[in-house]
Structure formats: C-alpha cells, structure tokens
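All of these numbers come straight from a predicted model, not from anything done at the bench.
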Amino acid sequence: MKLPTLATPLPRDKADTLLLLLSAVLVLAPHTLHLPLWVTLLCAATLAWRAAITLQGRRMPSSLLMLPVAALAMAGVMHSYHTLLGRDAGVAMLVLLVAFKTLEMHARRDLYVVVFLCFFLVLTNFFYSQAIGTALMMIASVVALLTTQLSFQFTGKVPPLSARLLMGGRMLGMAAPLALLLFVLFPRVQGPLWGMPGDGHASGHGGLSDRMAPGQISHLAQSEDTAFRVKFDGPVPQQTQLYWRGPVLGDFDGQAWTRVRPRPAAARPLALSVRGRPVRYQVTLEPSSARWLFALEMPDRVPSLDGNLAFVSAEFELTAAYPLEQRVRYELSSFTQYSLQAGEQAGRDGQWLLLPYGTNPRALAEGQALRAEPDPQQRVATVLRRFARQNFVYTLDPPRLGADSIDEFLYQTRAGFCEHYAGAFVFLMRAAGVPARVVTGYQGGEMNPIDGYLTVRQSDAHAWAEVWLAGRGWVRVDPTAAVAPERVRRSLARALPPPPPFGIEGLGRLMQLDAGGSSWLAQLRYAVSAVNNGWNQWVLNYTPERQRSLLQNLQSGLLDWRTAGAFALVCAALFFGDLWRRRRRLDPVDALYSALCKRLGQLGLARAIDEGPSAFAGRVAASSLAPRYRAAAGEFLRRYSAFRYGRHAADANLAPTLKRLLSQLR
C-alpha cells in the first residue's frame, strides 16, 4: 500500500491516532531513566508497531497474540522487581499497559482510555523526580494530551495543529489559578509532596558518613550535588570562617577514622563560651539517609525541626532523631569566635590520645620525638611547617595506601586530599601527647548574587582537625590550609591543578570556575540555581507549618481595614475590567441578536434559555404580535441563523441589515 507523503495530508483518523501516540511518547519518555532496559525497548517497539499499522492501514494484532505477550511482560516485571506491588513494579506495569493498549484501539472509547491512562501516568513521574525540569516536561505532556483529546471532539472542519495546541494551553491556563489556590489553601499533610515517606531513603543523595577512610572524601568532592543552602540574616562571614561542622571522629583502627561511642551531652558539660556578635542564618538541608544537621562553627543552641527532634552530642555534633528523608529547614545562630571545653577535665580524657597498637611505626616515632618540645602549640606549628615546606601535593586522585596508611602517606606518596592531611595530623598530635580528633563537614560555599543564597555542594566536603590546648580548649586546625591555602580561601577548583583542556573532567572543572561571577557561564549557572532554589523553597518545601504561617499572616493582614479595602478594590477592578473586556470583545452581530431578544421580551415574547434562533423564529411567527413585527423579527432570525450555522461565506453587509430590521421593532 502506498504511504502518504508530506504533500498528502493524512486522513482524520490516522492523524488523530499518530497525535495520541506522540503524546504517549512524551509521557513515557521520562520513565526510561528508572525503568529496566527491556521495558523501555518493549514499549518503544510496541509504539513503533502501532505507528506502522496506522500509516500502512493494516489490521491490528489479535488478542490471541497480545495475551501471551502481556503475560510474559508481567512475568518480566515479577522477575525484575520480585513483586507486582509497590511503586516501581506498579509504574512499570502501568507503562506497559499504556503501550499495549494502543494495539487494541478499535473504538473512540479506547482512545479516551489511553488518554486518561496517560493523564494518570503523568503523576507517577513525580515519584522519582520533583525538579522544576520534570514539572515543565509534565506541563508539556498535559498540553499534548489536552490537544489530543480536543482533536477527537471536532465533527466538521478541524483547526490546524497550532490552533489546537493553543486551545490546549488555554485550557490548562484556565485551570492553573484554581490549582494554585488549592495548593496554597488546601490542608497539607506531613511528609513528602509526592510518594511514600520512606521513598526519600532510597532516593536521597549520598553525603558524609560517620567513617572516614583515605579517598572517601576525595570521591565525594567530585559530586556537584547540593548538600544544603544557607540564607544569612546580615553580613556573610569570610570564606575562611565558613566551616560547617558535621561528624566528629575519634577512633582509629589503622585504616579508617570512626566516631567514638555516642554519649549524650548530659554525660559531659558542654562548656562553650562565645565572643562577638552572632551570625544568624537559615539552612535548607537536602534529603538524605543520614541524621547530620550541619551548622556554622559554633552554634549556640539546638535547632528546632518540623516533625523531628534535634540533639547535640558531647562532641558538639548536631543530629536529628530520625533520618532526614525529606528536605528540612532550620534556623540557627553561630559565633565564629568561641572557646570550647577549655576546662582541664576535657584535656584529661585519654580517649583523644588513643592510637592502634603496632601500626604506622615511623609516624609514631616522629610524633613521640615532638614531646621534647614542652609547648603543645609549638608541636602543632612544627607539623604544619612540615606540610608546608616539604613536597606534599593536594590532589583529588591520591594513590592507594596499604596497611600502614599514615606512614605511606607521610614518607612515600606525599599526595592526598583533606582526609589524608587531617588523619595524619591527628595521628602525629596524639603520638606527641596532644589530644586531637578529626572533624568532618563542609568548608566554604558559593554565594549566588541573584537570590542571596550560599550553596554548599558535596564538592565542598572537607576534613580538618581539633586539638585541645590548656586554657583555650578545642582549637580548630586545618592542615589542608598549610598545603593548599587556596582551598580554604577561595574554592576547591582554585586549589587543584589546572584541568585538561578537553574531556569530561575539563568541562566539569570549567563549570566550577566562577570567573569572578561576571562570565556568561557563571551568570547562567547562578540563574539556574536560583530558579531551582525557589522551586525547592516555595513548592517542594511548602510544609504544613509554612501553610499555617502564611494563613495566619493573611488573616492578620485582612483584619486590617486598609488591607481589606485594597483587596476589595482590586477584586472590583478585576471584575469590572473583565466585564468591560467581554463587552468590547462581543461580536456586533451577537450584540444585535441580544438587542432583538431584549426587545421581543419587552413585547411579551421572551426567548427561553435553551431556545435557538430557528425555534424562536417559529414561535415568533405563531405569536400574536403585529404583522410588521412578526415579519421583521422573522427575517432577522432567519438571517442570523443562516450566518451562524450555515455553510456560506460571511455576509459583510449583515450587521447593517440586522440593524435596519431591529429598528422596525421600535
């Protein structure tokens, strides 16, 4: 059979079917990111088969063929997910159902079934991604589905595709204000905007853990995922003061640093003395499976969380009672000048001097030799000078280390990331008799000049050290600053060697460079980040608490007579403006028809609401009106009915003729 060419328009039924298949492709395409490959290939083959059947005019496959295929597909879902229930298996079966349903569209009812299944499938995309890009993609899918549904409704001449797309967009636009009103005012539920409360555990981004081994943070630092965003209430501290405290590690087994056994703050007095003015800020923490609450060193209180409890440990770590599986926001105030546990009791705690037996003998001997220096501060300075003056290299790709990792790093490779320097420094300090521990978290961040938020990414993950000095307490020491000071002063990208000019690594490093924030690439990145942050803050993070706060503000504002009066004036202006616009847009012929109906009503012959012009003309002809009235009104209604419902060309002189006939009824 000869296929239609571009110059030959497709028949109506084929064009509608292809439009439906295209809409289904838009809905199904985002699911390819998380579905098994065989499901994607099977759906693509099914839709391509249906398109070929439509273009060639062939018969669709029989049920005897489709039933075994559907049964095998369900068996495949069972094999892939080990269940037919749950989110992932349910979405996979729904995707296959939409694809298979296109092969049994025999009647108009089947077309609507596919459309409504696609509408339902649009919602399932938000189970996996709630980014603003996903929302825009789903808006395009809904417009395509509405256009397809409208195309099925036309019985006469079908408008061009562009006009139908515009109609679908207008329909969605008319529903948007009501959807926005329901989103703002409808009672919220506690939990994620989409999905089950446990979904965040499976989809949350990775981050810092309570274990640090060589290469772990350097691997995390290659991720550009956002860890959290910060909005400061006032001046932003200097880059060298932006240390975001996380897990504190004190146990070392020769290979990795881990947390000491957690102890509640009540087991040890949290002696914190602060100086200067506090830095107030708000943190929006991205979801993860961890419980860490990051704070600028040093917070003066425990934050309050929505639906979760927060605690502080004896090492001044902030944690939540439950894993943070959804985005949380909390407010804090911190002091950049402080003294932490300056009393002698903390210095006599032997756990911060423990070292594993029989490991790293050379580093142990070097640290013990430092005990000849009576001043602990000089011991610290000696090790930092060693890092600064000898040939140590700061790199994201350090060599692998063996059993004696500290010795191999200090005396052989001399190349590492922040975890290598922090771990080796704490080991030397403990061997020298100075209480020390590793602190992990994030350092720095990138200020977005568009929305004023500081974005801290996983690439800002960092490890530093704390040493206990008599009279000063726990003092922060960053050994990385002795090797690569640009890492602390500016950013990770500035501290590392220049990237290769080509390849993925070079492109990734190029995206990190800010170029002073003046390049078009930096401005584009700031704009995208600001849009994503606004979406997260006002849509995804619209919690019940925020809704109550908004409603309370609205209530208090409406109680004020000035606000209430202004609101009433705006509503009245919108109402009368819409009425005036409708009158201006009223067709002159329709305006004359309305005037005729009004005049006949005055003469005792009112038109019924459901009465068309032809039926009304018949009633006028049988009425007791004067003959000249009946003749003028009948001619008016005949001409108007022919103009509106006839198939002839528009009459340019119709309006003057109708106006003349209407004047005869005066």
Side-chain angles (χ1 to χ4, degrees), residues 33-34 81-83 86-89 91 125-131 134 189-213 215-230 244-249 251 256-262 264 283-295 302-313 315-330 332 419 438-442 445 455-463 532-533 535-537 540-541 543:
L33 300 176
H34 56 81
Y81 298 103
H82 307 289
T83 181
R87 179 192 67 176
D88 297 334
V91 170
N125 284 287
F126 293 108
F127 290 157
Y128 302 94
S129 173
Q130 296 150 32
T134 302
V189 294
Q190 194 71 41
L193 180 63
W194 292 96
M196 300 299 292
D199 291 344
H201 181 78
S203 61
H205 298 295
L208 292 173
S209 67
D210 55 1
R211 183 180 184 274
M212 186 189 76
Q216 188 170 345
I217 295 184
S218 60
H219 177 74
L220 180 63
Q222 299 180 47
S223 170
E224 282 298 296
D225 289 340
T226 299
F228 54 91
R229 289 182 172 90
V230 185
W244 306 96
R245 191 180 186 90
V248 178
L249 313 178
D251 287 343
W257 292 87
T258 56
R259 294 181 70 205
V260 299
R261 187 179 352 180
V283 177
T284 303
L285 187 63
E286 293 298 309
S288 70
S289 58
R291 303 183 181 184
W292 312 116
L293 298 171
F294 297 97
V302 178
S304 122
L305 302 177
D306 297 337
N308 205 338
L309 299 177
F311 305 96
V312 59
S313 70
E315 286 72 44
F316 240 86
E317 305 159 302
L318 296 180
T319 58
Y322 308 104
L324 301 170
E325 298 176 349
Q326 54 183 304
R327 190 175 289 102
V328 296
R329 182 179 4 222
Y330 52 91
L332 276 174
E419 66 265 35
V438 176
V439 182
T440 60
Y442 298 88
T455 301
V456 180
R457 297 182 172 86
Q458 298 295 351
S459 58
D460 296 314
H462 195 52
N532 287 329
N533 182 42
W535 174 262
N536 293 337
Q537 295 285 343
L540 300 184
N541 204 37
T543 60

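Put simply, OG on Ser313 and CG on Leu318 are 8.0 Å apart, with the number rounded to the nearest 0.5 Å.
Residues meeting the side chain to side chain donor-acceptor pair (under 3.5 Å) test with Thr319, sequence neighbours left out: none. The salt bridge (Lys or Arg N to Asp or Glu O under 4.0 Å) test applied to Glu317 returns Arg259, not counting sequence neighbours. Annotation: side-chain contact (heavy atoms from CB on, under 4.5 Å) contacts of Ala461 (sequence neighbours excluded): Leu208, Ile217, Leu220, Tyr442. Listed by chain and residue number, nothing satisfies the ring pair (Phe, Tyr, Trp, His ring centres under 6.0 Å) test with Trp292 (two or more places apart in sequence, or in another chain). Listed by chain and residue number, Asn125, Phe126, Ser129, Ala131, Met138 satisfy the side-chain contact (heavy atoms from CB on, under 4.5 Å) test with Thr134 (two or more places apart in sequence, or in another chain). Applying the side chain to side chain donor-acceptor pair (under 3.5 Å) rule to Thr284 yields the partners Gln537; only residues at least two apart in sequence or on another chain are considered. For Thr455, the side-chain contact (heavy atoms from CB on, under 4.5 Å) criterion is met by Thr226, Arg229, Arg457, Ser529, not counting sequence neighbours. Considering only residues two or more places apart in sequence or on other chains, His34 meets the ring pair (Phe, Tyr, Trp, His ring centres under 6.0 Å) condition with His31, Tyr128. For the side-chain contact (heavy atoms from CB on, under 4.5 Å) test, residues two or more places apart in sequence or in another chain that qualify with Ser218 are Leu396, Pro398, Phe417, Glu419. In this structure, Arg291 has no salt bridge (Lys or Arg N to Asp or Glu O under 4.0 Å) partners at least two apart in sequence or on a different chain.
Thr440 places a side-chain N or O within donor-acceptor distance of the main-chain N or O of Pro247, the cut-off being under 3.5 Å.
Shortest non-hydrogen contact noted between Gly445 and Asp460 is CA-OD2, 3.9 Å. The two residues Phe311 and Ala321 make their nearest non-hydrogen contact at CE1-CB, 3.5 Å. Scanning both residues, Arg211 and Ala213, for their nearest heavy atoms gives NH1-CB, 3.7 Å. Summarising the geometry of Val283 relative to Val230, their closest heavy-atom pair is CG2-CG2, 4.4 Å, with the distance given to 0.1 Å.
Counting heavy atoms from C-beta outward, Glu286 and Arg327 have side chains that approach closer than 4.5 Å. Using a 4.5 Å cut-off on side-chain heavy atoms (C-beta onward), Phe294 and Leu285 make contact. Here the side chains of Leu293 and Leu305 are in contact, with some heavy-atom distance below 4.5 Å.
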inquiry  = side-chain contact (heavy atoms from CB on, under 4.5 Å), that's the test. Do Thr258 and Leu249 meet it? Break it down for me.
reply    = CA-CA 5 Å; Thr258 56; Leu249 313 178; 5.5 Å; no
